[in-house]
A.B. asks: 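Next up is a structure, given as structure tokens.
Predicted, not measured: the structure shown is a model, and the values here were computed from it.
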Amino acid sequence: MRKILVVGAGQSGLQIALGLQAQGYEVTLMSNRTADEIRSGRVMSTQCMFHTALQHERDIQANFWESQAPKIEGLGVSVAGPDGSRAIDWVGKLDGYAQSVDQRVKMAGWMDTFAQRGGQLVIHGAAVSDLDYFARTYDLVLVSAGKGELVSMFERDASRSPFDAPQRALSVAYVHGLGPRPEHPEFDAVRCNLVPGVGELFVMPTLTTSGRADILFWEGVPGGPLDVFQGIKDPSEHLALTLELLEKFLPWEYARATKVELTDAGGTLAGRYAPTVRKPIGRLPSGGLVLGVADVVVANDPITGQGSNSASKCAASYISSIVEHGDKPFDGDWMQSAFDRYWETAQHVTKWTNAMLGAPPEHVLDILGAAGQLQPVADRFANGFNDPADFENFFYDPDKAAAYLESVAPGA
């Protein structure tokens with residue numbers, strides 16, 4: 001039986017651990033926190049997982065919250081005009097529903113399940129020196145802890161990392177009491193509100209520790225009017241500032257938010273990081289090799305909501321690469337090939353996300369505008385969140401965009 005160590009108990013690390021465990025591997029999972037500490041701690045992210053990523057969870061029988069979490073059937077886009085009105089406003093329907101489960105709920109539940117199924121769970125904040133020891137006793141070491149000392153083992157891939165500084169200041173509040181959405185009260189959707197030159201607000205329904213909730217997620221251009229959350233420790237002050245910015249920039253969203261309250265004292269988060277792609281193989285002082293997982297090696301800005309989706313897709317890809325490799329050694333060539341296989345999917349996410357961080361070119365504005373008149377355009381854009389590879393066909397190139405819009409125009 002092959003012995004595998006997974007360091008880091010997030011979406012990807014836990015999914016790999018549960019998936020390999022089900023295939024009969026002897027898996028050890030290392031986490032710096034217990035399940036109870038995760039469950040009672042601060043929110044770790046926003047997460048809206050689309051159909052393909054959710055299917056990967058179903059494939060390993062880990063979709064424990066599917067019946068409880070809101071079913072997200074659409075994705076809407078609004079663009080704020082200079083007078084506080086909506087210059088663009090539409091919603092596309094998803095082919096398969098999306099869902100969001102607070103990672104405190106999911107990661108804690110998955111950790112408990114892994115242990116109940118006989119997995120070795122080690123609560124320890126691993127350092128490089130620990131991995132140096134473990135690499136000699138395991139057939140493969142996977143590093144899925146996306147922060148801290150371990151990430152420094154993985155060299156930045158400058159050719160795939162155009163940014164060396166954060167492109168957005170991030171701020172999250174989990175709330176109860178958000179009013180119904182008047183545009184489409186009959187179904188749930190993720191709503192993306194663009195404030196040109198200022199930033200974006202995402203609103204998404206989720207399942208949290210206290211039941212159904214909504215996430216208010218600001219992405220602010222650094223140094224701009226949304227970049228005001230650094231240093232705010234008081235959750236109530238964080239929420240008050242969130243609402244103040246809503247009232248100023250997005251009055252239609254503020255109108256729904258006048259009675260909200262935080263889900264819990266840990267329901268806020270703020271931070272920033274530079275989008276970075278790293279080389280996938282980490283070399284230990286003794287010469288041993290470890291393989292980087294998910295946002296250890298491909299960390300995109302959350303503007304396109306792809307973090308947990310990419311983590312799920314990376315886990316599924318790595319599980320396949322591991323199982324198909326059989327009893328052969330997990331050497332550097334295999335590690336590179338496993339990453340290259342994942343990059344076939346991840347490259348589309350990185351290209352799209354980096355494009356969305358800049359000012360939209362005219363042909364992209366044409367697409368967003370056309371989606372308000374032509375439902376097929378709205379639906380196609382919405383479903384790109386599940387399959388970002390499709391954006392190659394109509395989104396980046398002005399000629400392809402024009403040809404696509406012409407093909408769906410009335411009378412075409």
A.B. asks: Where does the angle between the aromatic ring planes of Phe385 and Trp352 fall among parallel (under 30°), tilted (30 to 60°) and perpendicular (over 60°)?
C.D. replies: perpendicular
A.B. asks: For the residue pair Leu94 and Asn383, establish whether any side-chain heavy-atom pair is separated by less than 4.5 Å.
C.D. replies: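 Side chain of Leu94 against side chain of Asn383, heavy atoms only: contact under 4.5 Å found.
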A.B. asks: Look up atom CD in Gln61 and atom OG1 in Thr113, then write down how far apart they are to the nearest 0.5 Å.
C.D. replies: 12.0 Å
A.B. asks: Under the side-chain hydrogen bond (donor to acceptor under 3.5 Å, both in side chains) rule, collect the residues that match up with His176, sequence neighbours excluded.
C.D. replies: Ser210
A.B. asks: Checking side chain to side chain contact (heavy atoms under 4.5 Å, CB included) for the pair Leu405/Asp366: CA distance, chi angles, key distance, verdict?
C.D. replies: CA-CA 9 Å; Leu405 293 180; Asp366 290 342; 4.1 Å; yes
A.B. asks: Would a line drawn from the ring center of Tyr97 to the ring center of His51 be shorter than 6.0 Å?
C.D. replies: no
A.B. asks: Hey, are Asp188 and Lys71 close enough for a salt bridge, meaning a charged N less than 4.0 Å from a carboxylate O?
C.D. replies: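 No salt bridge links Asp188 with Lys71.
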A.B. asks: Would Gln55 and Asp59 count as a side chain to side chain donor-acceptor pair (under 3.5 Å) here? Give the steps.
C.D. replies: CA-CA 6 Å; Gln55 188 59 47; Asp59 290 343; 3.0 Å; yes
A.B. asks: For a quick check under 3.5 Å, do Asp36 and Thr34 share a side-chain donor-acceptor pair by atom type?
C.D. replies: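 No donor-acceptor contact under 3.5 Å links the two side chains.
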A.B. asks: One thing to verify: whether Lys313 and Glu344 come together as a salt bridge, which I'm taking to mean a side-chain N less than 4.0 angstrom from a carboxylate O.
C.D. replies: no
A.B. asks: Under the salt bridge (charged side-chain N to carboxylate O under 4.0 Å, His left out) rule, collect the residues that match up with Lys248, sequence neighbours excluded.
C.D. replies: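 Applying salt bridge (charged side-chain N to carboxylate O under 4.0 Å, His left out) to Lys248 gives none.
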A.B. asks: Taking the side chain as everything from C-beta on, heavy atoms only, tell me whether Val221 gets closer than 4.5 Å to Asp227.
C.D. replies: no
A.B. asks: Any side-chain heavy-atom pair from Phe249 and Leu226 closer than 4.5 angstrom?
C.D. replies: yes
A.B. asks: Decide yes or no for Phe64 and Val101: does some side-chain heavy atom of the first lie under 4.5 Å from some side-chain heavy atom of the second?
C.D. replies: no
A.B. asks: Give a yes or no on whether a salt bridge exists between Lys400 and Glu392, defined as a side-chain N under 4.0 angstrom from a carboxylate O.
C.D. replies: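 No, no charged N to carboxylate O under 4.0 Å.
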A.B. asks: What are the two closest non-hydrogen atoms of Ser78 and Asp89, and how far apart are they?
C.D. replies: OG-OD1, 2.8 Å
A.B. asks: Is it the case that Thr304 and Thr353 place a side-chain donor and acceptor less than 3.5 Å from each other?
C.D. replies: yes
A.B. asks: If we ignore hydrogens and angles and just use 3.5 Å, is the side chain of Ser171 paired with the main-chain N or O of Ala270 as donor and acceptor?
C.D. replies: no
A.B. asks: If you measure from CD on Gln306 to OG1 on Thr350, what distance do you get to the nearest 0.5 Å?
C.D. replies: 10.0 Å
A.B. asks: Given the ring of Trp252, does Arg191 sit roughly above its face, with NZ or CZ under 6.0 Å from the centre of the six-membered ring and within 45° of the axis?
C.D. replies: no
A.B. asks: Can a donor-acceptor pair be found, under 3.5 Å and without considering hydrogens, that links the side chain of Ser144 to the backbone of Gly8?
C.D. replies: yes
A.B. asks: Could you walk me through whether Lys93 and Glu73 satisfy the side chain to side chain contact (heavy atoms under 4.5 Å, CB included) test, starting with their C-alpha distance in whole Å, then the side-chain angles of each, then the deciding distance to 0.1 Å, before giving a yes or no?
C.D. replies: CA-CA 6 Å; Lys93 293 301 287 282; Glu73 297 178 44; 4.2 Å; yes
A.B. asks: What are the two closest non-hydrogen atoms of Gly282 and Phe154, and how far apart are they?
C.D. replies: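 Of all heavy-atom pairs spanning Gly282 and Phe154, the closest is N-CE2, 3.3 Å.
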A.B. asks: Cut-off 3.5 Å, side chains only: do Asp112 and Gln116 have a donor facing an acceptor?
C.D. replies: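 No donor-acceptor contact under 3.5 Å links the two side chains.
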A.B. asks: Does the distance from a Lys or Arg side-chain N to an Asp or Glu carboxylate O, for Asp214 and Arg181, drop under 4.0 Å?
C.D. replies: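 Looking at Arg181 together with Asp214, the answer is no, because their closest N to O distance does not fall below 4.0 Å.
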A.B. asks: Do Lys279 and Gln336 have a side chain donor and acceptor closer than 3.5 Å?
C.D. replies: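 No, no side-chain donor-acceptor pair sits under 3.5 Å.
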A.B. asks: Can you name the nearest heavy-atom pair linking Arg39 to Gly109, along with the distance?
C.D. replies: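 Closest approach of Arg39 to Gly109: NH2-N, 4.0 Å.
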A.B. asks: For Arg156, is the CZ atom crowded, meaning more than 12 foreign heavy atoms sit under 6.0 Å from it?
C.D. replies: yes
A.B. asks: After noting the C-alpha distance and the side-chain angles of Arg278 and Glu155, does the key distance pass the side chain to side chain contact (heavy atoms under 4.5 Å, CB included) rule?
C.D. replies: CA-CA 5 Å; Arg278 298 182 182 89; Glu155 181 189 348; over 6 Å; no
A.B. asks: Of all the heavy-atom pairs spanning Ala189 and Val91, show the shortest one and how long it is.
C.D. replies: CB-CG2, 4.1 Å
A.B. asks: Please find the pair of heavy atoms, one from Leu291 and one from Met335, that lie closest to each other, and give the distance.
C.D. replies: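 That would be CD1-O, 3.8 Å.
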A.B. asks: Given ring-ring contact (aromatic ring centres under 6.0 Å, His included), test His348 with Phe391 step by step and report yes or no.
C.D. replies: CA-CA 8 Å; His348 298 293; Phe391 287 115; 10.0 Å; no
A.B. asks: Strictly by modelled atom types, are Gln47 and Ser100 linked by a side-chain donor-acceptor pair under 3.5 Å?
C.D. replies: yes
A.B. asks: Ring centroids only, cut at 6.0 angstrom: are Trp334 and Phe339 within range, meaning strictly under it?
C.D. replies: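 Trp334 vs Phe339: aromatic centres not under 6.0 Å.
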A.B. asks: Keeping the roles fixed (side chain from Gln99, backbone from Ile72), state whether a donor-acceptor pair exists under 3.5 Å.
C.D. replies: no
A.B. asks: Mind telling me whether Phe381 and Trp90 have parallel, tilted or perpendicular rings, with 30° and 60° as the class edges?
C.D. replies: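 Aromatic pair Trp90/Phe381 classed perpendicular.
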A.B. asks: Testing the 3.5 Å rule here: is there a donor-acceptor pair between the side chains of Ser321 and Arg341?
C.D. replies: yes
A.B. asks: Are Phe134 and Val7 close enough, and set up right, to give a side chain to side chain contact (heavy atoms under 4.5 Å, CB included), and what steps lead you there?
C.D. replies: CA-CA 11 Å; Phe134 287 123; Val7 181; over 6 Å; no
A.B. asks: Establish, from distance only, whether the side-chain atoms of Arg272 and Gln230 form a donor-acceptor pair under 3.5 Å.
C.D. replies: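 Yes.
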A.B. asks: For Thr276 and Ala299, indicate whether the former's side chain and the latter's backbone hold a donor-acceptor pair under 3.5 Å.
C.D. replies: no
A.B. asks: I'd like to know whether CZ of Phe163 has more than 12 heavy-atom contacts from other residues, nucleotides or ligands below 6.0 angstrom.
C.D. replies: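 Atom CZ in Phe163 is packed in, count exceeds 12.
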A.B. asks: Is the shortest side-chain heavy-atom distance between Leu207 and Asp102 below 4.5 Å?
C.D. replies: no
A.B. asks: Could Asp264 and Arg42 be called an ion pair, given the rule that one side-chain N must be under 4.0 Å from one carboxylate O?
C.D. replies: no
A.B. asks: Any side-chain to backbone donor/acceptor pair from His363 onto Tyr396? Under 3.5 Å, distance only.
C.D. replies: yes
A.B. asks: Quick check: Phe330 with His325 (ring centres under 6.0 Å apart)?
C.D. replies: yes
A.B. asks: Taking the side chain as C-beta and beyond, is there a heavy-atom pair between Tyr273 and Pro302 under 4.5 Å?
C.D. replies: yes
A.B. asks: Please report the C-alpha distance between Arg256 and Glu253 in whole Å, then the side-chain angles of each, then the deciding distance to 0.1 Å, and finally whether the salt bridge (Lys or Arg N to Asp or Glu O under 4.0 Å) criterion is met.
C.D. replies: CA-CA 6 Å; Arg256 304 171 56 223; Glu253 295 291 7; 3.1 Å; yes
A.B. asks: Determine whether a donor-acceptor pair (N or O, by modelled atom type, separation under 3.5 Å) exists between the side chain of Asp301 and the backbone of Asn354.
C.D. replies: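 The answer is no, because no donor-acceptor pair under 3.5 Å joins these two groups.
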A.B. asks: Donor-acceptor check, side chain of Asn63 to backbone of Glu66, threshold 3.5 angstrom: yes or no?
C.D. replies: no
A.B. asks: So, Asp130 and His124: side-chain donor and acceptor under 3.5 Å apart, yes or no?
C.D. replies: yes
A.B. asks: Quick one, Val323 and Tyr25 - any side-chain contact, counting heavy atoms below 4.5 Å?
C.D. replies: yes
A.B. asks: Check for a donor-acceptor pair, side chain of Ser85 on one end and backbone N or O of Gly81 on the other, with a separation under 3.5 Å.
C.D. replies: no
A.B. asks: Do Met111 and Leu14 come close enough that some side-chain heavy atom pair is under 4.5 Å?
C.D. replies: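 With C-beta onward as the side chain, the pair touches.
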A.B. asks: Given side chain to side chain donor-acceptor pair (under 3.5 Å), test Thr206 with Tyr174 step by step and report yes or no.
C.D. replies: CA-CA 9 Å; Thr206 191; Tyr174 280 53; 5.1 Å; no
A.B. asks: Could you tell me which non-hydrogen atom of Leu262 sits nearest to which non-hydrogen atom of Ala173, and how far apart they are?
C.D. replies: CD2-CB, 4.1 Å
A.B. asks: Could you check whether atom CD of Glu362 has more than 12 heavy atoms from other residues, nucleotides or ligands sitting under 6.0 Å from it?
C.D. replies: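 Not buried by this count: 12 neighbours or fewer within 6.0 Å.
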